[in-house]
Enquirer: 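Structure below; questions to follow.
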Protein chains: 4
Amino acid sequence: MRSPEKRQAILRAAVREIAETGLGASTARIARGAGLAEGTMFRYFSSKDDLLNELYIELKTDAYRRICADFPKDSGLRERARHIWTAHLRWALEKPDERKVSVLLHLSNVVSAATRERIGTERKMVGQTMEELGKCGAFKDLPQGFASSAMAAMQEAVMEMASKKPRQKVMLVELAFDAFWRMVK
Amino acid sequence: MRSPEKRQAILRAAVREIAETGLGASTARIARGAGLAEGTMFRYFSSKDDLLNELYIELKTDAYRRICADFPKDSGLRERARHIWTAHLRWALEKPDERKVSVLLHLSNVVSAATRERIGTERKMVGQTMEELGKCGAFKDLPQGFASSAMAAMQEAVMEMASKKPRQKVMLVELAFDAFWRMVK
Amino acid sequence: MRSPEKRQAILRAAVREIAETGLGASTARIARGAGLAEGTMFRYFSSKDDLLNELYIELKTDAYRRICADFPKDSGLRERARHIWTAHLRWALEKPDERKVSVLLHLSNVVSAATRERIGTERKMVGQTMEELGKCGAFKDLPQGFASSAMAAMQEAVMEMASKKPRQKVMLVELAFDAFWRMVK
Amino acid sequence: MRSPEKRQAILRAAVREIAETGLGASTARIARGAGLAEGTMFRYFSSKDDLLNELYIELKTDAYRRICADFPKDSGLRERARHIWTAHLRWALEKPDERKVSVLLHLSNVVSAATRERIGTERKMVGQTMEELGKCGAFKDLPQGFASSAMAAMQEAVMEMASKKPRQKVMLVELAFDAFWRMVK
DNA sequence: GATGAATGAGGTTTCATTCAT
DNA sequence: TATGAATGAAACCTCATTCAT
């Protein structure tokens, strides 16, 4: 009962279908994509909304896990910021579907406040670094949290560019960090 | 005789509904929101897709018009960049619904290539400035177009923050530009 | 007011559109096809049904007029039958759209009993000939009216064939009459 | 599990509704007529067009089956022709709705080329006989295929007459064949 | 008389969800 | 537990008809 493999299969299928079709992707297609019958999905997720919320959590958690692994928590600020920058961009560039779905969900209003809360909780290490960043350079006089938004935004720019020039990915990630860092210095 | 006022009413209603519900907003609701019968909308826009494309053009054109007005085309690079930055952010902060819809449309796949084309054409002045920007500071070694993406991204960060701290809007716009400018210098 | 030219233009447009799209052809398209505004049609015909009934009468009358002109009313039976055969087939082959629409209307249930009545009235000369035919050859023992149906049916076969082999039209009409006549002899 | 009974129920309901209302008969009415919910029909037929095509095949196949059963393939030409004549007319007279729908579909443009193809394939035995017929009597000099059209046409005449004089059906079928046969002799 | 904007009922189709097997 | 047939609300869109100009 409630085999975890099937659960994962559903989530994977959801990513695939939604990346292709948008959030309107039908539950039937998702189930079929997971090799299951139409109704079976509802034994794992109580509704489509539930599925989407769980999916969002899964995606965010996954991305976050990548950042936490090997996190150089005892290094200097630049090193830590660089780690966050690189780890996140790698994830996003390796898994473009996952990222696209993540963005779609972020903008939609199916993601409940509770879900957003739950994700916020998982910050700790990153949060600490971002806070320090907020006290440096140009961010000093800006509201708390702006540094974090700025980094996310600049990463967005990198992803957009990377999808246009896939060959220069690696270099892009590095040079763009330097650009970002100018704001911190 | 097709009244331009009704056309505008539909577009306005579309913005309102879509900002609230997402692109799934039903044509019936949009029509009702514009004070019209369900079928009337289809005399102004041949299909929902057509409506969305026209809406996208309208929104982008509107935003762009704001930038072009009073554009200091004979000033230095910083002044021009600053104008683009400020004008666009003002538009976005004044019309958050418009902006949200604009983003949703940008990400969706209802916006046709033809529409994207049509919008691309209207750049000239901005394009020139962004190109110059691309040859400065940290952007020098990054692919052409990255400066533009970076500015858009940083503006995104400002908007996000501004929606959280509406009172500090004006200051935010200014200080964040200084941050951005550090990457150019 | 009620210019007969416009009336005719509407009927002609109706034939064109219906031949192409079927009886579902919209009144708007028909009006447009006649070079008139959407609503104007309703000043000439009280409803779509009315239009279709009038159209049916017009088509049938036209076809019948062709038969009556030059009708050799003093010739022998064969000659008169041959005239009916040829005149009708010429009309049908010259105006395939008209014929198609005529058939569609015949099968539909928009043509009222009153309309069918009105058409029946216009027979006289043809009726006389067909009656005589019904008393000859193989038709002798069949119910009255069968000869007429049989001729119509055989003409149908000619039309079908003629649309497949347009070059042999003329020959087809002649030889097929000979075949038909064998049943009468 | 998709029950064949329900599929048949839908097809039967379609015949009933279409015979009454024409091809414009709504899917909702058809579904209701089959005792099913509106949406259920679309689990059996992917679209209205699909339904109509399948229906056409079903009707034609059914009619054809009647001809093939007991086909006296070793008898003389007259006997075989007579069998085709009688078997088809019996089917048509027993199932007037089916026949009406069959004609409507034949004339419409919802029947795809593929469907017409599929039906053409099922001829063999009949085809052979009709070909022989085409080399006899008055048909000798007419294009190939005319005999077949002529028979169909004459059957049409019988059906029309039979619907007016239902009591004389049986006699009609027989005598009309004699009339038809005069063309062959 | 002519126009064409407006209407809203009605058509086809999709889909989340339920439930008997 | 897994299935997938059934459901019907709701979406998009069309069109005959009306009526103010």
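Because the structure is a prediction, the values reported are computed rather than measured. All chains are named by letter (A, B, ...) in the order of the sequence lines, taking the proteins before the strands, and each is independently numbered beginning at 1.
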Enquirer: Atom CD1 of B:Ile30 and atom P of F:dC12: how far apart are they, to the nearest Å?
Expert: 8 Å

Enquirer: Once rounded to the nearest 0.5 Å, what's the spacing between atom CG of A:Leu104 and atom CG of B:Leu23?
Expert: 9.5 Å

Enquirer: In terms of side-chain geometry, is the basic nitrogen of B:Asp97 or B:Lys100 positioned less than 4.0 Å from the acidic oxygen of its partner?
Expert: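 Result for this pair is no, no salt bridge flagged.
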
Enquirer: Quickly work out the A:Leu36 CG to F:dT1 P distance and round it to whole Å.
Expert: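 About 14 Å, once rounded to whole Å.
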
Enquirer: Which pairs count as side-chain hydrogen bond (donor to acceptor under 3.5 Å, both in side chains) when at least one residue sits in residues 8-26 of chain D, sequence neighbours excluded?
Expert: D:Gln8-D:Glu58, D:Glu17-D:Arg29

Enquirer: For D:Asn53 and D:Ser112, work out which heavy atoms get closest and say how close.
Expert: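 What the structure gives for the nearest pair is OD1-N, 3.0 Å.
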
Enquirer: Looking only at side-chain N and O atoms, does C:Lys6 come under 4.0 Å of OP1 or OP2 in E:dA2?
Expert: yes

Enquirer: Answer yes or no: does a side-chain N or O of D:Tyr44 lie under 4.0 Å from OP1 or OP2 of F:dA5?
Expert: no

Enquirer: Would you jot down, in residue-number order, the residues of residues 50-59 of chain C having a non-hydrogen atom under 4.0 Å from DNA chain E?
Expert: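 By residue number: none to list.
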
Enquirer: How would you list, by chain and number, every residue that makes a salt bridge (charged side-chain N to carboxylate O under 4.0 Å, His left out) with A:Glu54, sequence neighbours excluded?
Expert: A:Arg7

Enquirer: Can you tell me the distance, in whole Å, between the CZ atom of D:Phe45 and the P atom of E:dT14?
Expert: 15 Å

Enquirer: In Å and rounded to the nearest 0.5 Å, what is the OG to CE distance from B:Ser46 to B:Met41?
Expert: 8.5 Å

Enquirer: Could you give the distance from CD1 (D:Ile57) to CG (D:Leu52), rounded to the nearest 0.5 Å?
Expert: 11.5 Å

Enquirer: Starting at CG of C:Leu11, measure out to CZ of C:Phe45 and round the result to the nearest 0.5 Å.
Expert: 4.0 Å

Enquirer: Hey, does C:Leu51 have a side-chain heavy atom less than 4.5 Å from the side chain of C:Ile30?
Expert: yes

Enquirer: Give every residue pair that meets the salt bridge (charged side-chain N to carboxylate O under 4.0 Å, His left out) criterion with at least one member in residues 106-121 of chain D, sequence neighbours excluded.
Expert: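 For residues 106-121 of chain D, and leaving out neighbouring residues, there are no salt bridge (charged side-chain N to carboxylate O under 4.0 Å, His left out) pairs at all.
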
Enquirer: Map every base of DNA chain F to its dot-bracket character, where paired means a Watson-Crick or G-U wobble contact with both distances under 3.5 Å and | marks a partner outside the strand.
Expert: .||||||||||||||||||||

Enquirer: Using the 3.5 Å cut-off, write out each protein N or O paired with an N or O of nucleotides 13-17 of chain F and the distance between them.
Expert:
from: F:dC13; atom 1: OP2; to: B:Lys48; atom 2: N; distance (Å): 2.8
from: F:dC13; atom 1: N4; to: B:Glu38; atom 2: OE2; distance (Å): 3.0
from: F:dA16; atom 1: OP1; to: C:Lys48; atom 2: NZ; distance (Å): 3.0
from: F:dA16; atom 1: OP2; to: C:Thr27; atom 2: N; distance (Å): 2.6
from: F:dA16; atom 1: OP2; to: C:Thr27; atom 2: OG1; distance (Å): 2.8
from: F:dT17; atom 1: OP2; to: C:Lys48; atom 2: N; distance (Å): 2.9

Enquirer: Without decimals, in angstroms, what is the distance between C:Glu5 CD and E:dG1 P?
Expert: 15 Å

Enquirer: Calculate the interatomic distance between A:Arg32 atom CZ and F:dA5 atom C1'; express it in whole Å.
Expert: 12 Å

Enquirer: In whole Å, I'd like the distance from the CZ atom of B:Arg2 to the P atom of E:dT3.
Expert: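 So the CZ-P distance, B:Arg2 to E:dT3, works out to 16 Å.
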
Enquirer: Within a strict 4.5 Å, meaning less than it, do heavy atoms of the D:Trp91 and D:Arg65 side chains meet?
Expert: no

